[in-house]
*Asks:* 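Could you have a look at this structure, given as structure tokens, before my questions?
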Amino acid sequence: MDEQRPQTEGGVRDLYALLKRRGYLWPSFEIYGGVAGFYDLGPLGSLLRENVEALWRSKFVLEEGFQLVDCPNITPEIVFFHSGHLDKFSDVMVSCLECSRPFRADHLLEGGPGTDPALIARLFRDRGIVCPDCGGALSEPEEFNLMFSTRIGPGSDKRGYLRPETAQNIFINFSNLYRHARSRLPFGAAQIGRGFRNEISPRQGLVRLREFHMAEGEFFFDPLVEGFAPFSRYRDTMVNLVPASSPDATLRMDLGTAVEDGTITSEVLAHFMGATASFATSLGIAQERTRFRQHLPSEMAHYARDCWDLEISTSYGWVEMVGIADRSAYDLTQHSKGSGTDLSAFRRFDEPKVIEGTRLVPDMKVLGPIFRGRAREAGEIISSMDPSSAGSAIGEGIRIEIDGQHYDVPDNAYRIESFRDVVHQERFVPNVIEPSFGMDRLMFAILEHSYFEDPNRAEEGESGKVEPYRILRLDPGIAPVKCGVFPLLNREDLSRIARDLDADLRRQGLQTNYDASDSIGRRYARMDEIGTPFCATVDHDSLKDGCATIRERDTQMQKRIPLKDIPAIVKRMVGGEKTFSDM
RNA sequence: GCGGAUGUGGUCUAGCUCGGUAGGACCGUAGCUUCCCAAGCUACUUGCCCGGGUUCAAAUCCCGGCAUCCGCACCA
């Protein structure tokens, strides 16, 4: 084919122009000049996003069984205090007054000065710190937090933030989710929603936004359990890997081998890399334009122990679309400590563990009169004592300490008992693998990869300027409009049939676009430009044979199909059950 | 946040040097044509990024802001 995928910067601009012209996306707040880092999705963009999200739900909620939740965007400060975001997403910045280079203040100071700008300002003055580049004087330190802040409630000083990731809602709901999962591991929870980051300089269109759509899954599992049975589904999946150990080489191998040779550290991690690769394929992203790159230790987020990004090749270069992070037990541990709520799960033993030994049993009847209000506390201390270390004391009385006071405990206040306990389970904090998807970036990659210009079908304007024929070869499953519906001629008898067909298609849940204006070729061109995979045209023969012509976008092939069968057939082709050539 | 470039209907652009009625193409709308791959004809809608200044007069010159692109920095 002579069609070209534009790789140039100009090509991306043409694509953005098309997306804006055809109602996929518009810069937000445009009539007031716009604000960087915000985009509105137009009618087609909204449908596209719904379709991408629906595929994500079918992959992760239906197929992987993740529990879907939906939680507030506004989050009280304490959550991010304990998750570490308050600290890690806040930087105190200074810049050189001479050469205007910005620096993170803590990079210029020894010994972790914290995030108080006043304290840092004093340290800078005391130590006479100047610009490490040119020796110029430095500006006053200023705090910059990547999270948008707000206040919760009027007149309240309860600070809140717009969440920078959706994950925290799931972690703090762990107990509810665990109970809902009938207290069994492993299980996953997912959220599709918005995230907010007050980026210093958002750029590159949909790639770096201040408010963006994300879909995140948190998969909770027991790290002591070896292997992961569902991984068999992706064991043979071939992927491109760029491990941290050889950041300049791309290895092509199947996930099973990658786990065996230690390139990927666990089957759970590899499983979700496989699920991610499969999801990308279902979006119509070509395998050869994807790779998984492992983070270098220096680029890991504060919560991550290991992380593989799915990167997709775009005209901006390789762009991170999905982060698959091993968050270990970090978040649950932090929130458990921070809230005082137990966020652990039970590990059931295959064979119950039998623990035999001896222990001290206090006799509260004796302790009561001696310790009075402190009797319960004394009893607890005694039962927690180890009889073997207390052994020598037995028969001689034992000493305990309450609030710094020492007491002798008489021999008749306790007895030694041997016991045999059968333990079936123990508590532990589950580990987490998190696949986190940047939906806007994925949409951009899908659009860019499906954008083609065909110079052979170019249209020449009067000024001699050549407008290429533009096609979005979107996968039928995610295309916002599934079928264009046209009467060949704008005549009452034809348009009545076409309108009926249009209504039938919509009743089948298929988004259509009815169009009777201009020439038939122009109408096909319009549909090609917004990525509509099929068009149905009613012509004079339809009056006699009850058929219409179905035309396929990518091949321009046409077939006659009975009107009454068209909705079901289009639905099957959109669902991927049949192809056009099967008809 | 710094430096550079840029900002004209929905889109692409001419005009800016040298101030004087903002022009074209595409897209869109309505009609004609009655038509299976952007045909043609007619009519129409829509614009100088925002604010201030200079001037008789500003798309044009000056100042400030905002936005976009590139580089630096930041960020995942």
Side-chain angles (χ1 to χ4, degrees), chain A residues 9-10 12-14 16-23 26-38 42 88-89 91 93-104 107 133 139 142 144 146 164-165 195 197-205 207-208 210 212 214 293 295 299-304 307 309 311 319-323 325 436 438 441 454 457-471 484 486-491 494 516-529 535-541 548-553 556-558 560:
Chain A
E9 214 177 283
V12 189
R13 264 209 295 280
D14 283 351
Y16 273 108
L18 183 157
L19 297 177
K20 190 176 172 187
R21 176 159 41 89
R22 293 298 186 184
W26 300 310
S28 298
F29 319 113
E30 204 180 5
I31 66 167
Y32 287 111
V35 181
F38 297 94
K88 301 294 179 181
F89 268 59
D91 291 332
M93 304 291 296
V94 293
S95 56
C96 174
L97 297 171
E98 301 289 326
C99 67
S100 73
R101 274 181 79 96
F103 299 97
R104 277 178 58 176
H107 286 177
D133 265 24
S139 68
E142 265 183 82
F144 188 81
L146 241 36
E165 58 170 4
R197 291 179 194 179
N198 204 356
E199 296 283 353
I200 295 169
S201 58
R203 280 190 194 167
Q204 303 175 316
V207 170
R208 201 134 139 238
R210 288 188 165 125
F212 46 95
M214 44 199 333
R293 193 178 67 82
H295 279 202
E299 57 184 342
M300 214 85 78
H302 67 274
Y303 47 72
C307 187
D309 283 346
E311 296 185 330
V319 176
E320 168 197 349
M321 300 279 163
V322 185
S436 169
R441 290 178 172 192
D454 186 348
R457 292 162 76 190
E459 185 188 41
E460 203 166 324
E462 264 178 34
S463 57
K465 201 180 162 214
V466 177
E467 286 291 317
Y469 195 95
R470 301 191 168 95
I471 311 177
F486 318 139
L488 183 60
L489 310 177
N490 197 8
R491 259 174 22 193
L494 299 188
S517 71
D518 293 311
S519 70
I520 188 72
R522 182 173 296 274
R523 285 177 259 167
Y524 285 144
R526 273 198 279 257
M527 289 299 103
D528 286 347
E529 211 171 57
C535 293
T537 303
V538 174
D539 58 21
H540 355 62
D541 293 337
T549 305
I550 301 290
R551 175 257 195 192
E552 189 190 33
R553 176 193 65 206
Q556 296 180 256
M557 301 269 282
Q558 301 190 340
R560 296 286 291 177

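The sequence lines fix the lettering, A, B, ..., with proteins before strands; numbering per chain opens at 1. In what follows, every heavy atom counts, from backbone to side chain, and hydrogens, waters and symmetry copies are set aside.
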*Asks:* Is a side-chain donor-acceptor pair under 3.5 Å present for A:S517 with A:R526?
*Replies:*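 On atom types as modelled, these side chains qualify, holding a pair under 3.5 Å.
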*Asks:* Now, which nucleotide makes the Watson-Crick or G-U wobble pair with B:rC37, with each of the two distances under 3.5 Å?
*Replies:*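 Looking at the geometry, B:rC37 pairs with no nucleotide.
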*Asks:* Kindly point out which of B:rA76, B:rA38, B:rC36 is positioned nearest to the side chain of A:T549?
*Replies:*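 Output: B:rC36.
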*Asks:* Any side-chain N or O of A:R441 under 4.0 Å from OP1/OP2 of B:rA76?
*Replies:*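 So the side-chain polar atoms of A:R441 never come under 4.0 Å of the phosphate oxygens OP1 or OP2 of B:rA76.
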*Asks:* Between A:K20 and B:rG10, does any side-chain N or O lie under 4.0 Å from OP1 or OP2?
*Replies:*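 A:K20 to B:rG10 OP1/OP2: no side-chain N or O under 4.0 Å.
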*Asks:* Nearest whole Å is fine: how far is B:rA76 C1' from A:N198 CG?
*Replies:*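 So the CG-C1' distance, A:N198 to B:rA76, works out to 15 Å.
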*Asks:* Between the main-chain N or O of A:C535 and the side-chain N or O of A:R553, is there a donor-acceptor pair closer than 3.5 Å?
*Replies:*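 Absent.
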*Asks:* In whole angstrom, give the distance that lies between atom CG of A:D309 and atom P of B:rA76.
*Replies:*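 Computing the A:D309:CG to B:rA76:P distance gives 12 Å.
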*Asks:* Round to the nearest Å and state the distance from A:L146 atom CG to B:rC74 atom P.
*Replies:*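 Rounded to the whole Å, the gap is 13 Å.
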*Asks:* Taking for each residue the nucleotide of RNA chain B with the nearest heavy atom, is it A:E311 or A:Q556 whose nucleotide lies nearer the 5' end?
*Replies:*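 Its nucleotide being nearer the 5' end, the pick is A:Q556.
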*Asks:* Would you give the length of the straight line joining atom CG of A:D528 to atom CZ of A:R470, rounded to the nearest 0.5 angstrom?
*Replies:*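 If we round to the nearest 0.5 Å, A:D528:CG and A:R470:CZ are 13.0 Å apart.
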*Asks:* Rounded to whole Å, how long is the line connecting atom CZ of A:R21 with atom C1' of B:rG28?
*Replies:*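 Nearest whole value for this atom pair: 11 Å.
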*Asks:* Check whether any side-chain nitrogen or oxygen of A:R13 sits under 4.0 Å from OP1 or OP2 of B:rU11, and answer yes or no.
*Replies:*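 The answer is no; no side-chain N or O of A:R13 sits under 4.0 Å from OP1 or OP2.
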*Asks:* Just the table, please: protein N/O against nucleotides 32-35 of chain B N/O, every pair under 3.5 Å.
*Replies:*
residue: B:rC35; atom: O2; partner: A:I520; partner atom: N; Å: 3.2

*Asks:* Could you check whether the side chain of A:R22 and the base of B:rC27 have a donor-acceptor pair of N or O atoms closer than 3.5 Å, going by distance alone?
*Replies:*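 Side chain to base: no pair below 3.5 Å.
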*Asks:* Kindly say whether, by distance alone, the side chain of A:R208 makes a donor-acceptor pair under 3.5 Å with the base of B:rC74?
*Replies:*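 Yes, the side chain and the base share a sub-3.5 Å donor-acceptor pair.
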*Asks:* Under the rule for side chain to side chain contact (heavy atoms under 4.5 Å, CB included), what residues qualify as partners of A:A17, not counting sequence neighbours?
*Replies:*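 Scan of A:A17 (side chain to side chain contact (heavy atoms under 4.5 Å, CB included), adjacent residues dropped) gives none.
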*Asks:* Polar-atom pairs under 3.5 Å, protein N or O versus N or O of nucleotides 63-68 of chain B: list them with distances, or write none.
*Replies:*
residue: B:rA67; atom: O4'; partner: A:G33; partner atom: O; Å: 3.4

*Asks:* Not counting sequence neighbours, which residues clear salt bridge (charged side-chain N to carboxylate O under 4.0 Å, His left out) with A:R197? List them please.
*Replies:*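 Salt bridge (charged side-chain N to carboxylate O under 4.0 Å, His left out) check on A:R197 returns nothing, list empty.
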*Asks:* Could you work out, with ring-ring contact (aromatic ring centres under 6.0 Å, His included) as the rule, every residue matching A:F212, not counting sequence neighbours?
*Replies:*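 Testing A:F212 for ring-ring contact (aromatic ring centres under 6.0 Å, His included), a comparison that skips the adjacent residues, returns none.
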*Asks:* Holding to side chain to side chain contact (heavy atoms under 4.5 Å, CB included), I want the full list of residues that pass it with A:A301, two or more places apart in sequence or in another chain.
*Replies:*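 Expected list: A:Y303.
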*Asks:* Looking only at side-chain atoms of A:H295, point me to the closest of B:rA76, B:rG28, B:rC37.
*Replies:*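 Per side-chain heavy atoms of A:H295, the pick is B:rA76.
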